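Only one structure is covered here, and it is reproduced in the block below.
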Amino acid sequence: MPHPTNPSQLDAEALYAVLLQQVQSGLAGIPNVAIVGIHSGGAWLAERLARDLNLLDRLGVLDVSFYRDDFAQKGLHADVKPTQIAFDVAGATILLVDDVLYTGRTTRAAINELFDYGRPAKIMLAALVDRGERQLPVAADFVAAFTAVPAGQALVLKQADDGKFTLTLDTHHA
């Protein structure tokens, strides 16, 4: 694993540029690619990647709330969004996009939900930041930065009205 970056020094826009470059070269020549973002930060990243890669017609969004293994404890968030996948998942190479990779539970939930839409040929994972501390054997194919986050805090991606990304440490999301 590359040397971790201090979470307070993460420039989300610079990280997006790194992630975009990794994804562009990693998906080059692969047919039938679609991009699916995990609500909400992953969906923002996926939308921007789809625009930059000219794949807007192959963009989907997942809200994994009902698929999480901790749904009974966490309950339903007020900001649940419907899943939107308007392309055939079966046989596609899916780039699953999340903002922060942490325990792996959200990724597992997203993969479970994707399979309800069909069986993809392959699923690749892209994350802006990997904060480690995995509880499940999940690894990103593309990741812009690795960082450790203090206990009781979460790294939160935000999107401004102009579409620019920022990352903040938040104690309320942990």
Side-chain angles (χ1 to χ4, degrees), residues 1-28 33-65 68 77-86 94-107 109-111 113-114 123-134 138-174:
M1 181 167 105
H3 189 283
T5 305
N6 182 330
S8 64
Q9 297 173 341
L10 293 172
D11 177 342
E13 284 297 317
L15 293 179
Y16 175 78
V18 169
L19 188 65
L20 174 61
Q21 184 178 32
Q22 289 176 0
V23 168
Q24 277 176 319
S25 54
L27 295 180
V33 173
I35 299 175
V36 176
I38 300 172
H39 176 70
S40 62
W44 299 331
L45 289 164
E47 182 178 341
R48 192 146 151 204
L49 284 167
R51 190 172 56 247
D52 290 343
L53 298 170
N54 197 25
L55 288 169
L56 281 172
D57 60 332
R58 305 279 293 161
L59 172 64
V61 176
L62 291 175
D63 187 322
V64 300
S65 298
R68 290 191 56 95
H77 291 282
D79 64 345
V80 171
K81 305 284 186 223
T83 291
Q84 298 172 344
I85 296 180
I94 304 291
L95 178 66
L96 185 61
V97 183
D98 202 359
D99 51 356
V100 179
L101 182 56
Y102 181 31
T103 64
R105 294 184 179 285
T106 298
T107 303
I111 291 169
E113 185 171 358
L114 268 175
I123 298 173
M124 301 174 85
L125 178 61
L128 195 64
V129 179
D130 183 338
R131 61 173 281 185
E133 301 182 54
R134 215 75 75 239
V138 172
D141 298 279
F142 311 106
V143 64
F146 296 85
T147 191
V149 175
Q153 293 189 331
L155 197 55
V156 179
L157 182 70
K158 296 180 181 176
Q159 185 179 41
D161 291 340
D162 65 359
K164 300 285 186 203
F165 297 128
T166 56
L167 281 164
T168 59
L169 279 174
D170 192 339
T171 53
H172 302 331
H173 279 84

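Not measured: the values here are computed from a predicted model. Hydrogens, waters and symmetry mates play no part in the numbers below; they use all other heavy atoms, side chains included.
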How far does CZ of Arg58 sit from CD1 of Ile85, to the nearest 0.5 angstrom? 11.0 Å
Verify, without hydrogens or angle tests, whether Thr83 (side chain) and Asp63 (backbone) share a donor-acceptor contact under 3.5 angstrom. yes
For Leu15 versus Leu10, what's the shortest heavy-atom pair and its separation? CD1-CD2, 3.9 Å
Mind checking the CD-CG spacing from Gln159 to Asp161? Nearest 0.5 Å is all I need. 9.0 Å
Using distance alone, with no hydrogens and no angle criterion, decide if Asp170 and Thr168 have a side-chain donor and acceptor under 3.5 Å apart. no
Looking at Gln21, I'd like to know if its CD atom is crowded, meaning that more than 12 non-hydrogen atoms belonging to other residues, nucleotides or ligands lie closer than 6.0 Å. no
So which of Leu45, Val97, Leu53 actually passes side-chain contact (heavy atoms from CB on, under 4.5 Å) with Val23? Leu53
Please report the shortest heavy-atom distance between Ala46 and Ile35, naming the atom on each side. CB-CG2, 3.6 Å
Which pairs count as salt bridge (charged side-chain N to carboxylate O under 4.0 Å, His left out) when at least one residue sits in residues 13-23, sequence neighbours excluded? Glu13-Arg48
Find the distance between CG (Asp57) and CG (Leu55) and round it off to the nearest 0.5 Å. 7.0 Å
Side-chain touch Val129/Asp99, heavy atoms, less than 4.5 angstrom: no
So, do Leu95 and Asp141 sit near enough that their side-chain heavy atoms are less than 4.5 Å apart? no
Enter the distance from Leu59:CG to Leu49:CG here, rounded to the nearest 0.5 Å. 9.5 Å
Here the pair of heavy atoms bringing Val64 nearest to Ala109 is CB-CB, 3.8 Å
Between Glu133 and Val149, which heavy-atom pair has the shortest distance, and what is it? OE2-O, 4.0 Å
Work out which heavy atom in Leu128 is nearest to a heavy atom in Val143; give both atom names and the distance. O-CG2, 4.2 Å
Between Tyr16 (side chain) and Ala144 (backbone), is there a donor-acceptor pair under 3.5 Å? no
Please name all residues satisfying salt bridge (Lys or Arg N to Asp or Glu O under 4.0 Å) with Arg134, sequence neighbours left out, ordered by chain then number. Asp130
Quick one: are Leu96 and Leu62 in side-chain contact, heavy atoms under 4.5 Å? yes
Once rounded to the nearest 0.5 Å, what's the spacing between atom CG of Asp52 and atom CD of Gln24? 7.5 Å
For the CG atom on Asp162, are there more than 12 heavy atoms of other groups (residues, nucleotides or ligands in this structure) within a distance under 6.0 Å? yes
Shortest non-hydrogen separation from Arg131 to Leu155 and the atoms involved: NH1-N, 4.2 Å
